[in-house]
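This report refers to the structure that appears directly beneath it.
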Amino acid sequence: MDKTYQPEQIENRWYQRWEEGGHFAPSGQGAPFAIMIPPPNVTGSLHMGHAFQDTIMDTLTRWQRMRGRNTLWQVGTDHAGIATQMLVERKVAAEEGKSRHDLGREAFTDRVWEWKHESGGHITRQLRRMGASVDWSRERFTMDDGFYKAVQEVFVQLFDKGLIYRGKRLVNWDPKFETAISDLEVENIEVNGHMWHFKYPLAGGETYEYIEKDAEGNVTRRETRDYISIATTRPETMLGDGAVAVHPSDERYAPLIGKLCEIPVGPKEHRRLIPIITDEYPDPDFGSGAVKITGAHDFNDYAVAQRNGIPLYNLMDRKAHMRRDGLSYEESATLASRAARGEDIGDVDEVNLVPTELRGLDRFEARRRVVEAITAEGLAMTTADAEGNEQPLVESKTLMQPFGDRSGDVIEPYLTDQWFVAVENLAKPAIAAVENGDIEFVPKNYENMYFAWMRDLQDWCISRQLWWGHRIPAWYDADGNVYVARSETEARNKHGLADDVGLTQDEDVLDTWFSSGLWTFGTLGWPEKTEALETFHPTNVLVTGFDIIFFWVARMIMLTLEFTGEVPFKQVYVHGLVRDGQGNKMSKSKGNVLDPIDLIDGIDLEALVEKRTGNMMQPQKAKAIAKATRQEFPEGIEPHGTDALRFTFLSQATTGRDIKFDMGRLDGYRNFCNKLWNASRYVLMNAEGQDCGTDGSEVELSLADRWIVSRLQQTETQVTRAMEEYRFDHASQALYEFIWNEYCDWYLELSKPVLWDDDATPESQRGTRRTLVRVLEAILRLAHPMMPYITEEIWQRVAPLAGTYRGEGDSLMVHPWPEADEARVDEAATRNIEWLKGVIVAIRNIRAELNIAPGKPLEALLTKGDASDRERLEANRPFLAKLAKLERLDWLDDPAEAPLAATQLVGDMEVLVPMAGLIDKDAELARLAKEIDKQDKLIGGIEKKLGNESFVAKAPDAVVQKERDKLDDLSANRRLLIEQRDKIAAL
RNA sequence: AGGACCAUAGCUCAGUUGGUUAGAGCGCCACGUUGACAUCGUGGAGGUCGGCGGUUCAAAUCCGCCUGGUCCUACCA
């Protein structure tokens, strides 16, 4: 073995051998255990979030596999509609200067498929680097043939049950991608905006007394007005107003109800009139209390319009430019005015209320022009400025603006025909499943988030005006009748349509989450009744981030319950986001992204800087990022290996919280790997080719052997329990502490005198070799789910010595998880080793305090103890001599004969190191004074406690007794320190 | 506006049902290349557990309020 651990030399080799060995496929005889990977974007690449999540899933999977469960980790990728289409559109534009429309639907989707084949292996290769033990033979894609079938089936069945419907609704529209998106894909961001106040003149120049009152009912303003004041942040939508609404209780406007007012935009001769109505929606205390109702461009207004029969006038096209189609403005305005008077004007699709000069303009340009025109006309509300001059009233205001999470474009509420899933009846059982515990969230508090969302669920818009995705299985005849079926043929048969009836398929595709919602059962072969489905569904646990509980988890639960009658998974382990060391979100634009593969393989500084700033448009920003990067990683990033990265993730995986990725810990765990590596080297150097007592015959185990075996059992219990509770941080810590602080720091050191001293017996050596090897072998099994590579590599060498190797091609992967054996917990051995450690630490302390070189041989005396201390001294003499570097160690019967010595207590026994005048008297006195002071404080605290009658009376006896014992110990120690001080002072 | 979560050593974090002299890793200081490991060893310094109240014999832990931070949800035209 190399002297230092070199991860890159073992990782790829082992992954390949595991895969070729068929170790990833389900094989256990025990109960099934299944995890579905949240399918990453097929064309994506592995980021820290994936790496974290994959580590957790792989750890669980390997662990259950070792426990003998019939374990499946289902792998696959998602077609990721918008994201992938966007990427390929950009690529085609860059390479050929063409838009997708230039190519046409078929040619474009061909390009996407090509790109999928070209780049689709990237993320799965990276998944392999993480050591993910997924079953590649079952790899799926959300647009493969089988999945296609499942998606069609679900759509058709939902439609037949009346749970999918089509309708013209106001939806979130992304003008960049020209598609509807769901509420969840909208990000509300605070931006600086304006609120304008305009006058809507009353029809026919009518006037009224406008009276404002304060809370006491005193009149604060009274004037005659011929208008109603309206505030808006989106003046361009005024063109589509269908009414002005006020609250029914608002006395100011009571005289106006039912009257008409004029929208102050558009050619003067065709100013449009709209009614003033009442509705509960306007808040009398906000703005003027009067709200313009633009049903086609605002969600709240839409609801008001629906309630009051106000027509919805669409003003924009798919790119959110002002409409050019339909009737002329003059015709449209005339029709709309008739509607305002209560006439039925029928279908309003053709009505285009955009004035000629604004048609075709971008919405923001149109806004500017509308404001300009109204202001010029003197119809803006005004306010006095500092000099007393009247100025148009424009408030600066921060407002929440909706943006597309992918496009970054401002989302437009837009009236279009879309497909919807009626969620009400799907949500009920989905809520119940969590309420009654069929599905359990870990940590539990995410259940509240789930309930809150599910109980206020809007119908789900599932159609997307994209080309990449599952095309909706609906066909239309010339009259617009819709036929939903699994295929065109089925549509004809089902509805008895003659062959000459022309049918065209719906152009839209389904929301990506519609197909990924079927992931747990679609991957297992549904709608066929496959054996896999029978065996592995419902799956055991879903490992996912809180950010997609709504997107994905909730929808999976609804769809899976509806179609299989089963929950998709029994538990949902929710993890947080991986952030950078300072707690910032990792993002390309911030330039703080870490690539898991770079952490594994290492990357030099220049390459890292290039990676972070490569495609950056703003040179200023690129410079800043480059500087920050050079500062943070002056040497670049050195290789750490997959195992160290995995262990870091696990150690930071506290439930449900974001993790700040800590490079320091990554370094630390790389060192930990090196520690394990070198400990193994030591074991192999001392055991290979020697009798390790694994031939089945009896061996003699020393106290140290029995102690480490005992501690191993306890560690196994701890790790197992932590894994069961998804506390990977505890599991990794227990393992770390056992390996480093006990096995390496103590047991390996204790084995040296046995293996190396001439007077050690062959029997004891045999027992120690056996323990060294067996414990290490168990450690490797215990650590394997977390650190698969290094453990496998070492295990291949250790297992033959331990007698657990089954021959050529054997792998640690399929060896049993070490279960603790209570019978091997050995209290007596533990007490002995604790005593031994106590004496050694005492002597080391004395060395440090007296500034004696660690290697200088010393003389030590033990005194004041009892018979068992004396026995232990004899039993442990060689260990004490070796580990504490002693040239002499004696028992002193009469403490009074003790020479001047540095002293430490171990239980009641004193450990003495004669000082022989080589100490600094003043320094030692100062140290002792400080120490005595510290003891005094502690003693004072406990005495106070024990002096409190109610404490003694009310606290449990055990607690009181514990305090008394503590007091005794502290007092003994204090007496010792004082004796010591007096002796030294007397010198 | 409503809700959730968080606040413990310089940094990143543990701390089970209230009872520890409040822990770990990294960093820091001192000493040390002894035959697994300097990606190491030994020892050490460093915290009134965000603040204020309350419950209790006893609070980092339970309750209330406040401050600061993160995030969700809904948003007022």
Side-chain angles (χ1 to χ4, degrees), chain A residues 1 3-5 188 195 230-234 237 245 281-283 285-294 298 300-301 304 397 399-400 443 445-446 448-449 452-453 456 546-547 549-550 576-577 579 581-583 638 640 644 651-652 654 656-686 725 727 729-730 733 736-737 740-741 744-745 748-749 752 756 841 844-849 851-855 882 885 934-935 937-938 941-942 945 948-956 958-960 962-963 966 970:
Chain A
M1 283 173 87
K3 193 167 167 181
T4 51
Y5 160 62
N188 290 304
M195 188 155 80
I230 303 286
T232 181
T233 55
R234 301 202 51 196
T237 66
Y281 164 63
D283 174 0
D285 296 325
F286 185 84
S288 68
V291 185
K292 68 190 213 50
I293 302 300
T294 320
D298 181 280
N300 287 311
D301 291 6
V304 177
K397 200 170 161 7
L399 30 107
M400 286 300 237
N445 51 309
Y446 283 102
N448 292 327
M449 185 168 147
W453 191 71
D456 185 33
F546 67 92
D547 49 330
I549 289 181
F550 303 147
L577 224 61
R579 297 169 176 278
Q582 282 72 250
E638 25 174 53
H640 292 87
S651 75
Q652 293 202 262
T654 47
R657 258 172 68 159
D658 287 354
I659 69 171
K660 292 186 201 170
F661 188 81
D662 186 351
M663 284 298 292
R665 287 178 82 150
L666 180 63
D667 290 339
Y669 295 129
R670 190 263 328 266
N671 296 352
F672 175 56
C673 290
N674 187 59
K675 188 74 180 176
L676 177 59
W677 183 262
N678 274 291
S680 306
R681 280 181 66 219
Y682 168 82
V683 172
L684 292 170
M685 285 163 75
N686 287 286
E725 292 167 349
R727 286 306 300 262
D729 55 334
H730 289 170
Q733 199 186 346
Y736 182 97
E737 279 173 8
W740 200 313
N741 303 337
C744 292
D745 285 353
L748 256 46
E749 294 308 319
K752 286 174 183 176
W756 295 349
V841 167
R844 284 177 183 165
N845 267 317
I846 292 169
R847 275 183 192 273
E849 278 157 12
N851 230 338
I852 302 169
K882 176 98 186 159
K885 301 277 183 322
K934 196 169 148 192
Q935 299 294 313
K937 276 191 188 133
L938 291 171
I942 294 173
K945 220 177 206 180
N948 182 345
E949 279 173 39
S950 42
F951 170 69
V952 180
K954 293 189 181 174
V959 172
V960 177
K962 203 169 158 191
E963 291 299 318
K966 224 190 292 176
L970 288 168

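Donor-acceptor pairing under 3.5 Å, judged by distance alone, is absent between the side chain of A:Arg844 and the base of B:rU42. Between the side chain of A:Lys885 and the base of B:rU34, a donor-acceptor pair under 3.5 Å is found.
At a threshold of 4.0 angstrom between heavy atoms, the contacts of A:Thr654 are confined to the sugar-phosphate backbone, with no base atom among them. Within 4.0 Å of A:Leu748, counting heavy atoms only, lies at least one base atom of the nucleic acid. When heavy atoms are screened at a 4.0 angstrom cut-off, A:Cys673 is found touching no nucleic acid atom at all. Counting any heavy atom pair closer than 4.0 Å across all strands shown, A:Tyr669 reaches no nucleic acid atom. When heavy atoms are screened at a 4.0 angstrom cut-off, A:Arg847 is found touching no nucleic acid atom at all. Residue A:Gln935 is classed as having no contact, given no heavy-atom separation below 4.0 Å to the nucleic acid. Within the nucleic acid shown, A:Glu849 has no heavy atom closer than 4.0 Å to any nucleic acid atom.
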Subject >> Sequence-aligned protein contact record of nucleotides 54-64 of chain B, with B where the base is within under 4.0 Å of a protein heavy atom and S where only the sugar-phosphate is >> reply: ---B-------

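A:Lys882 has no side-chain polar atom (N or O) that falls below the 4.0 Å cut-off from OP1 or OP2 of B:rU34. OP1 and OP2 of B:rC40 both lie 4.0 Å or more from every side-chain N or O belonging to A:Lys675.
Taking atom C1' in both B:rG41 and B:rA4, the straight-line distance is 46 Å, to the nearest Å.
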If you restrict it to nitrogen or oxygen atoms, what contacts under 3.5 Å exist between nucleotides 44-50 of chain B and the protein, and what is each distance?
| unit_1 | atom_1 | unit_2 | atom_2 | d |
| --- | --- | --- | --- | --- |
| B:rG44 | OP1 | A:Asn845 | OD1 | 3.4 |

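Note: A:Tyr446 and A:Phe546 have parallel aromatic rings, judged against thresholds of 30 and 60 degrees for the angle between ring planes.
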Original post:
For RNA chain B, what dot-bracket results from Watson-Crick or G-U pairs at under 3.5 Å, with [ ] for crossers and | for inter-strand partners?
Top reply: (((((((..((((.....[...)))).(((((.......))))).....(((((..]....))))))))))))....

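Of the candidates B:rC40, B:rU21, B:rU42, the closest approach to any side-chain atom of A:Trp740 belongs to B:rC40.
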